[in-house]
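Written out below as structure tokens is the structure these notes cover.
First the proteins, then the strands, lettered A, B, ... as listed; each starts at 1.
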Number of protein chains: 4
Amino acid sequence: MEPVRDDVSSVLKRRVVKPSEQRRAEILEAALKLFSSKGFHETTMEEVAHAAGVAKGTIYLYFPSKEHVLLALKRDFMQGLTTAGADIVAEAIELLEGGKDLDYRDIIDDIFDAVVDYHTKRHEAVEVVVRQSPSPDLMREALDLEREYLALVASAFRTGAEYGLVHTEDPEMTAHLVTAAIRDNIASSLCYEEPADLERLVEAAKQMLYKALAPNVEMPPRRPRLVRTKSD
Amino acid sequence: MEPVRDDVSSVLKRRVVKPSEQRRAEILEAALKLFSSKGFHETTMEEVAHAAGVAKGTIYLYFPSKEHVLLALKRDFMQGLTTAGADIVAEAIELLEGGKDLDYRDIIDDIFDAVVDYHTKRHEAVEVVVRQSPSPDLMREALDLEREYLALVASAFRTGAEYGLVHTEDPEMTAHLVTAAIRDNIASSLCYEEPADLERLVEAAKQMLYKALAPNVEMPPRRPRLVRTKSD
Amino acid sequence: MEPVRDDVSSVLKRRVVKPSEQRRAEILEAALKLFSSKGFHETTMEEVAHAAGVAKGTIYLYFPSKEHVLLALKRDFMQGLTTAGADIVAEAIELLEGGKDLDYRDIIDDIFDAVVDYHTKRHEAVEVVVRQSPSPDLMREALDLEREYLALVASAFRTGAEYGLVHTEDPEMTAHLVTAAIRDNIASSLCYEEPADLERLVEAAKQMLYKALAPNVEMPPRRPRLVRTKSD
Amino acid sequence: MEPVRDDVSSVLKRRVVKPSEQRRAEILEAALKLFSSKGFHETTMEEVAHAAGVAKGTIYLYFPSKEHVLLALKRDFMQGLTTAGADIVAEAIELLEGGKDLDYRDIIDDIFDAVVDYHTKRHEAVEVVVRQSPSPDLMREALDLEREYLALVASAFRTGAEYGLVHTEDPEMTAHLVTAAIRDNIASSLCYEEPADLERLVEAAKQMLYKALAPNVEMPPRRPRLVRTKSD
DNA sequence: TATGAATGAGGGTTCATTCAT
DNA sequence: GATGAATGAACCCTCATTCAT
């Protein structure tokens with residue numbers, strides 16, 4: 001007679017202990033999937049727990065609240081983005097310092113490609129990070145994460161300008177503008193297919209940036225304005 | 001015999017019908033204030049009702065659900081924005097058709113100024129419209145509202161390009177990019193003061209767009225790439 | 001054909017609106033029954049709601065929290081007790097002032113009987129008031145209610161002493177002692193039948209108090225102590 | 001061959017066995033501190049474990065449930081009280097039997113002092129024992145513990161009466177009354193400082209008991225009641 | 001039309017208890 | 001024996017929505 005293995009009776013709900021880093025990751029993964037598909041507020045902790053294969057209470061061993069799960073997702077995404085960006089930027093600077101004769105458009109391409117790639121590979125996170133509303137205490141840290149990334153992008157523009165590779169009068173604001181433009185549209189494209197053709201969007205963005213950052217461009221003198229369109 | 005009273009009540013009825021529109025507006029106003037300051041999910045219908053000076057049940061005579069209140073706010077905002085934009089664009093086109101010799105930068109200025117002005121005057125709505133999470137069925141209509149506005153902006157770029165006033169190869173994508181960049185940052189600036197200096201942001205945006213849309217710019221030929229920064 | 005009355009379909013769960021005073025009383029009554037039989041912490045709001053014939057949320061229209069339901073029960077009980085006691089005391093004082101030649105034991109009897117009667121008629125409340133643990137903020141008010149009653153009892157003793165009817169050197173402490181003795185035992189007797197015979201307890205209490213409060217009793221001089229039983 | 005190591009481990013084992021009793025005590029001590037300061041229901045097993053310096057699961061090696069921890073505290077307290085009381089009573093009886101000419105008030109003093117002392121030294125336990133709600137199955141045993149102590153007190157009164165030292169017609173009920181009066185007020189005084197002056201309370205209690213238990217007191221004949229205050 | 005008392009499903013969170021290690 | 005990660009039932013409470021008035 002075949003002995004009934006204890007394991008058999010445990011197909012359902014046997015307590016499993018796992019390395020905490022893995023548990024944490026599983027919970028975040030489950031939360032990400034749900035938050036992105038249903039929205040943060042529309043997802044219950046019950047659902048997250050179920051999807052992560054743990055009990056509801058277990059989540060609270062790893063995160064003090066539902067909000068903190070969201071924050072962790074944001075943090076992971078932003079830190080990864082910042083890291084990825086930092087690599088590219090560092091590489092470009094290295095080449096620059098090495099005296100290589102670079103075409104700035106190649107660098108723009110590289111950065112864009114990296115950023116788009118990063119977002120595309122994490123399109124679930126994108127929706128969560130971009131769309132899910134802030135909320136009181138979360139906001140502070142979320143903004144900090146944001147700031148760090150923006151500082152990186154701005155420094156890239158600034159360095160490029162210092163080397164005469166590109167032209168921009170205000171690296172910080174340029175960073176804000178470019179970041180928002182690209183992220184918001186990638187998010188929208190990934191989540192709602194609006195714009196539907198992401199490659200076309202990216203191509204247009206590159207083209208715009210080529211021109212907007214082009215060095216040594218002589219703008220024609222501005223003619224004095226003849227007509228005021230509005231007066232208020 | 002017809003009682004005279006009917007006349008009176010018909011007069012009164014007009015008074016009762018009109019307020020209906022006013023009630024709706026009062027509710028929306030109250031909701032806007034609360035949603036923007038506390039967030040949609042953090043605001044209760046009770047609070048909206050109280051702030052609007054009506055009973056909770058009354059709101060449901062005007063809106064089928066809380067979500068629809070939010071949607072109405074979005075609609076109002078987007079329609080107003082589209083209208084405002086349409087006015088500017090129409091005016092510009094009129095001038096163009098009139099053969100006026102315009103500097104495209106003036107038009108960019110006008111549109112930017114109008115858009116920024118519109119947002120600034122409605123900064124409460126901005127937070128709500130830009131930041132509050134999508135939510136299932138709302139998304140469809142919200143996107144429609146968005147599309148309408150984007151179509152307008154795209155048509156402006158297209159028309160400008162047709163007249164040779166500006167250069168852009170892809171008006172639709174350009175519309176997406178510019179809209180996202182400007183709206184997201186205005187929202188962020190208005191709500192979280194990040195970037196803190198809105199005027200500086202707008203100026204930077206204008207400068208970038210001047211260059212990006214500049215007609216007749218000869219881009220230098222792109223050198224063949226020597227170094228691949230990454231291979232994936 | 002008999003018209004189907006709308007009422008018929010509403011046997012279960014038809015919304016009923018009642019005067020709020022009545023609703024409140026119904027909720028308290030249900031809570032009292034449950035708290036006394038199962039204990040405060042062992043009773044869920046769900047159960048209270050069900051027993052009161054209302055929805056869970058309805059309770060929260062009348063009480064801000066479960067704790068406040070308990071507090072309301074305490075308040076009602078203590079206020080009723082204080083009122084009942086005040087009536088008896090007032091009556092006794094009236095008679096005294098009227099120069100009636102009273103036997104103080106009759107007054108003790110009257111007060112005891114009233115108090116016992118009040119407790120017996122509310123034996124469910126007794127368990128709740130006496131046994132259910134305090135809890136942070138509840139404690140303050142619970143003590144206040146207690147104090148009021150004790151002040152009444154103390155004033156009764158003091159007045160009696162002033163009239164020479166009884167003898168007590170410390171009316172306040174006497175009030176504390178008598179109140180605790182009687183209430184605790186009534187509660188215990190009513191709830192756990194320990195002591196089982198309430199009448200016997202009351203009789204013993206009366207007898208003790210007759211002697212303890214007897215006026216004009218000459219206590220024999222205390223002999224100097226010869227043996228120390230313990231030295232620590 | 002027997003390894004010498006066994007000897008060592010047997011020595012160690014004694015060390016391991018003994019701590020078991022010590023562990024239990026440490027857990028109880030921690031629980032007592034927390035239950036008394038925060039309340040039973042407001043204290044988590046986690047907190048008890050932490051305070052006791054053990055893991056949560058360890059507590060369950062010593063007590064089958066949280067309730068049983070509470071019960072153990074009650075038992076310890078009551079047994080200690082009974083023991084302490086028994087010592088005093090035994091001593092008094094010994095003296096009595098030795099034909100010593102005692103003043104009963106000295107005995108009352110001794111008992112009171114011992115009881116007050118016992119409570120004061122364990123004021124944390126007092127709050128727990130007196131105030132924490134009963135709870136279903138705990139009640140039975142809690143009452144048993146109570147009964148034992150009450151039996152002791154009652155026997156003291158009875159013996160005293162047999163020796164003609166004091167007068168009381170119902171030693172059992174007297175025990176109930178005196179015990180409740182004194183314990184409840186000590187608890188209240190210790191926990192909520194109400195009454196604030198414990199010494200004054202004890203003094204009043206002694207004075208009352210001196211009179212209430214005084215032997216050979218002739219109570220005046222009770223006059224026929226003239227006025228009925230109430231008729232129900 | 002307007003009200004607001006009533007509803008009750010569902011929310012996030014807690015915590016006594018268990019059990020794999 | 002000791003641990004503490006894991007469990008999951010149960011908790012109190014909220015609030016969008018309904019409906020008797």
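The distance from atom CD1 of B/Ile27 to atom P of F/dT17 is 14 Å, rounded to the nearest whole Å. In this structure, D/Arg24 atom CZ and F/dA2 atom C1' are separated by 18 Å, rounded to whole Å. Distance, C/Leu61 CG to F/dC15 C1': 11 Å, rounded to whole Å. When the C1' atom of E/dA16 is taken as reference, atom NE2 of D/His68 falls 14 Å away, rounded to whole Å. Put simply, CG on D/Leu34 is 15 Å from C1' on E/dC15, counting in whole angstrom units. E/dG12 atom P lies 11 Å from atom CD of A/Glu42, rounded to whole Å. Here E/dT14 presents its P atom at 18 Å from CE of D/Met45, a figure rounded to the nearest Å. Between the CD atom of B/Glu67 and the C1' atom of F/dT17 there is a distance of 14 Å, rounded to whole Å.
In this structure, F/dA20 and E/dT3 make a Watson-Crick or G-U wobble pair, each of the two defining distances being under 3.5 angstrom. Base pairing annotation: E/dG8 forms a Watson-Crick or G-U wobble pair with F/dC15, both donor-acceptor distances under 3.5 Å.
Listed pair A/Tyr62 / F/dA6 meets the phosphate criterion, a side-chain N or O lying under 4.0 Å from OP1 or OP2. Look at C/Tyr60 and you won't find any side-chain N or O under 4.0 angstrom from OP1 or OP2 of F/dC15. For B/Arg23 and E/dA2, the shortest distance from a side-chain N or O to OP1 or OP2 is below 4.0 Å. Distances shorter than 4.0 Å separate none of the side-chain N or O atoms of B/Lys56 from OP1 or OP2 on E/dG4. A close approach under 4.0 Å does occur between a side-chain nitrogen or oxygen of C/Thr58 and OP1 or OP2 of E/dT7.
Considering every non-hydrogen atom in both C/Glu26 and C/Ala52, the closest pair reads O-CB, 3.9 Å. Of all heavy-atom pairs between B/Lys33 and B/Ser36, the closest is O-OG, 3.1 Å. Smallest separation of non-hydrogen atoms from C/Leu32 and C/Ala125: CD1-CA, 3.4 Å.
We find that A/Glu141 and A/Lys74 are not joined by a salt bridge, their nearest charged nitrogen and carboxylate oxygen being 4.0 Å or further apart.
Comparing F/dA2, F/dC15, F/dA10 by their nearest atom to the side chain of C/Thr44 picks out F/dA10.
Place C/Ala55 and A/Ser65 on DNA chain E by their nearest nucleotides, and C/Ala55 ends up nearer the 5' end. Remark on DNA chain E: of its neighbouring residues D/Gly57 and C/Gly53, the 5'-side contact belongs to C/Gly53, judged by nearest-heavy-atom nucleotide. Nucleotides of DNA chain F nearest to C/Lys66 and D/Val54 differ in position, and the one nearer the 5' end is that of D/Val54.
For A/Lys66 and A/Tyr60, the positive end is not near the middle of the six-membered ring at less than 6.0 Å and at most 45° from its axis.
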